[in-house]
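Reviewing the structure listed below.
For clarity, every value in this text was computed on a predicted model and none was experimentally measured.
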Amino acid sequence: MCGVVGIVGFEPANLALYDALTVLQHRGQDAAGIVTLDGDNFRQRKANGLVQDVFEQKHMRRLRGNIGIGHVRYPTAGSSSAAEAQPFYVNSPYGIALAHNGNLTNARELQELCAKVHRHVNTSSDSETLLNVFAWQLTQCSDADRPAPEEIFKAVRGVNSIIKGAYAVVSLIIGVGLVAFRDPRGIRPLVLGSRIGENGRTEYMVASESVALDVAGFKLERDVRPGEAIFITKEGRLHTAICADDPKLTPCIFEYVYFARPDSVMNGVSVYAARVRMGTKLARQIERDYKDLDIDVVIPIPETSCDIAVQIARILGKPYRQGFVKNRYIGRTFIMPGQKQRKKSVRNKLNPIPAEFAGKKVLLVDDSIVRGTTSEQIVDMAHEAGAKAVYFASAAPEIRYPNVYGIDMPTAKELIAYGRTKEEICRQIHADALIYQSLEDLEDAVREENGELTEFETSVFTGHYITPGVDEEYFAYLDQQRSDDAKADKAWNEANEDLEIYNI
């Protein structure tokens with residue numbers, strides 16, 4: 001999962017891009033990058049690290065231009081190489097920079113295609129592969145000095161017909177403008193906003209979440225539609241077109257459970273309101289099916305689950321307490337590559353307040369249980385703090401299957417629910433009772449605000465993948481690329497790359 005942003009305006013875009021990436025930092029903490037268009041040249045800064053660390057004043061001064069794109073990286077494949085920080089760039093045709101959120105499930109075939117059409121891909125990133133496919137399609141569709149809107153849309157249509165998976169893309173073309181597009185199933189989010197500039201002309205912005213528009217003073221106009229391309233010329237003229245056959249909105253439901261900020265609106269749904277409704281439905285289930293639990297207090301595992309827990313406590317008529325103090329300078333443990341790092345980070349990130357646990361039967365509320373590492377340690381901390389009993393409630397159903405669309409749930413064997421019953425999971429995390437939200441209730445909690453959301457991408461719960469080509473062979477490939485062991489090997493190789501090159 002990553003965050004992307006793009007701006008076409010009539011005043012310097014660097015600060016607005018920086019501010020937008022800062023509020024999208026929750027979507028990726030591994031690397032950050034900005035590319036601006038300064039006349040006929042790109043200005044670029046990207047590196048590993050948080051937004052505030054990557055961009056110093058000297059970098060911001062160099063990022064001249066009124067048009068630009070930005071990216072924060074969450075490495076699904078576990079790579080922390082600075083070479084794979086985005087945006088990527090190719091010089092032909094025209095000069096194109098591109099940033100991407102999602103994952104291409106046919107990346108291997110696309111790399112072979114790029115080789116056949118003499119496009120060189122320098123990294124293992126599927127985002128660079130996507131850039132080269134787009135560049136190749138644009139070459140096929142236009143030989144003009146400046147491509148017309150219909151030629152750009154034809155190129156995007158060609159991209160959509162070739163690539164598979166989930167993607168939200170922002171790109172810059174020198175001398176042309178900004179192009180953004182979303183996959184035909186709308187799996188990954190992308191929104192469009194506008195504002196009136198100081199000169200009275202309309203400026204445009206696209207971003208992964210509406211909160212990025214808010215911080216930059218843009219008004220949310222709408223979501224980019226599934227299969228839609230947005231082309232904004234460097235002069236500020238907006239063109240749109242649907243560039244896919246039979247597009248259908250099937251957004252990733254995990255965005256609402258965990259990834260998105262609560263103050264964002266995605267696909268016409270308030271993330272905050274959706275989480276409150278998750279709490280309502282989970283509370284009703286507890287009232288109906290777990291009457292024997294004598295709950296003394298409801299405690300969230302901060303921060304995503306706080307809104308859910310407040311609603312559960314209200315409906316159950318139980319006290320709501322903040323039983324854990326969170327170290328806000330530790331990153332999100334779920335998106336940290338490697339099991340050892342996640343285990344270490346949980347203890348560094350959360351510390352219990354013993355008075356809220358001592359002698360009490362505690363209901364802990366979390367958004368989900370993925371590997372179980374975090375949940376087990378938190379339950380143990382609650383017991384150590386003196387809890388008489390620890391019940392655990394998850395706002396999401398059992399996660400039993402890998403995610404292939406850009407979330408780091410890569411191998412089934414690393415998921416605690418894979419091949420285990422609820423009772424076995426409960427014992428594994430040392431809880432006295434375990435409550436999962438039903439998939440039906442989760443879907444209803446999200447769609448209540450937008451009846452047009454008839455279907456969601458829920459493969460991690462059901463094992464049903466909505467794009468073609470996701471089979472056992474692909475899962476075997478993922479195991480080789482994305483397991484914790486593979487990530488550790490890759491990290492070791494990257495750390496020792498210079499030593500090998502220089503034979504030290």
State whether a side-chain donor-acceptor pair under 3.5 Å links [X] with [Y].
X: Q111; Y: R108; value: no
X: E84; Y: S81; value: no
X: Y256; Y: D367; value: no
X: T123; Y: E128; value: yes

Salt-bridged, [X] to [Y], with N to O below 4.0 Å?
X: E449; Y: R277; answer: yes
X: E255; Y: R188; answer: yes
X: E287; Y: K291; answer: no
X: E356; Y: R321; answer: yes
X: E384; Y: R347; answer: yes
X: R73; Y: D30; answer: yes
X: R261; Y: E209; answer: no
X: R185; Y: E457; answer: no

Judged by atom type as modelled, is there a donor-acceptor pair below 3.5 Å linking the side chain of [X] to the main-chain atoms of [Y]?
X: H71; Y: A85; answer: no
X: S305; Y: I308; answer: no
X: H383; Y: H430; answer: yes
X: S208; Y: L190; answer: no
X: D296; Y: V362; answer: no
X: N48; Y: A32; answer: no
X: N450; Y: E452; answer: yes
X: K318; Y: I295; answer: yes
X: Q25; Y: G28; answer: yes
X: N106; Y: K164; answer: yes

Item to complete: Quick one: do V5 and I69 satisfy side chain to side chain contact (heavy atoms under 4.5 Å, CB included)? Show the steps, please.
Response: CA-CA 5 Å; V5 60; I69 59 175; over 6 Å; no
Between [atom1] on residue [X] and [atom2] on residue [Y], distance to nearest 0.5 Å:
X: Q437; Y: L442; atom1: CD; atom2: CG; answer: 6.0 Å
X: R275; Y: T280; atom1: CZ; atom2: OG1; answer: 14.5 Å
X: L192; Y: M205; atom1: CG; atom2: CE; answer: 10.5 Å
X: R400; Y: I416; atom1: CZ; atom2: CD1; answer: 10.5 Å
X: I399; Y: I425; atom1: CD1; atom2: CD1; answer: 10.0 Å
X: E228; Y: I230; atom1: CD; atom2: CD1; answer: 4.0 Å

Could you check if a side-chain atom of [X] sits within less than 4.5 angstrom of a side-chain atom of [Y], using non-hydrogen atoms only?
X: L364; Y: Y391; answer: no
X: C114; Y: V133; answer: yes
X: V169; Y: V4; answer: no
X: F324; Y: N351; answer: no
X: Y290; Y: Q285; answer: yes
X: E440; Y: D444; answer: yes
X: L434; Y: I369; answer: yes
X: P251; Y: I187; answer: no

Can you give me the closest heavy-atom contact between [X] and [Y], atom names plus distance?
X: P226; Y: P184; result: CB-O, 3.3 Å
X: G372; Y: I429; result: O-CG2, 4.2 Å
X: G406; Y: N103; result: N-CB, 3.5 Å
X: C252; Y: I407; result: SG-CD1, 3.8 Å
X: K326; Y: P302; result: CB-CG, 4.2 Å
X: L249; Y: G186; result: CD1-O, 4.1 Å

Practice prompt. Classify the angle between the aromatic ring planes of F134 and F181 as parallel (below 30°), tilted (30 to 60°) or perpendicular (above 60°).
Written response: tilted
Should we say atom [atom1] of [X] is surrounded by more than 12 heavy atoms from elsewhere, each under 6.0 Å from it?
X: K422; atom1: NZ; value: yes
X: Y320; atom1: OH; value: yes
X: Y272; atom1: OH; value: no

Discussion item. Between D380 and V390, is the side chain to side chain contact (heavy atoms under 4.5 Å, CB included) condition met? List the steps.
Written reply: CA-CA 9 Å; D380 287 346; V390 180; over 6 Å; no
Worksheet item: Cation-pi between K46 and F88: NZ/CZ under 6.0 Å from ring centre and within 45° of the ring axis?
Response: yes
Discussion item. The test is side chain to side chain contact (heavy atoms under 4.5 Å, CB included); show your working for V206 and V191 and say whether it passes.
Written reply: CA-CA 5 Å; V206 291; V191 296; over 6 Å; no
Fill in: Passing option when Y167 is tested against D183, D126, N160 for side-chain hydrogen bond (donor to acceptor under 3.5 Å, both in side chains)
N160
Under 3.5 Å, which donor-acceptor pairs link side chains of residues 460-468 to any protein atom two or more places apart or in another chain?
{"unit_1": "T462", "atom_1": "OG1", "unit_2": "T458", "atom_2": "O", "d": "3.2"}
{"unit_1": "T462", "atom_1": "OG1", "unit_2": "H464", "atom_2": "N", "d": "3.1"}
{"unit_1": "Y465", "atom_1": "OH", "unit_2": "P402", "atom_2": "O", "d": "2.6"}
{"unit_1": "T467", "atom_1": "OG1", "unit_2": "Y405", "atom_2": "OH", "d": "2.7"}

Item to complete: Let me see the working for E424 and T421 under side chain to side chain contact (heavy atoms under 4.5 Å, CB included), right down to the final yes or no.
Response: CA-CA 5 Å; E424 289 171 332; T421 65; 3.3 Å; yes
Item to complete: Would you check, one step at a time, whether the test salt bridge (charged side-chain N to carboxylate O under 4.0 Å, His left out) holds for R427 with D432?
Response: CA-CA 8 Å; R427 289 194 296 270; D432 296 288; over 6 Å; no
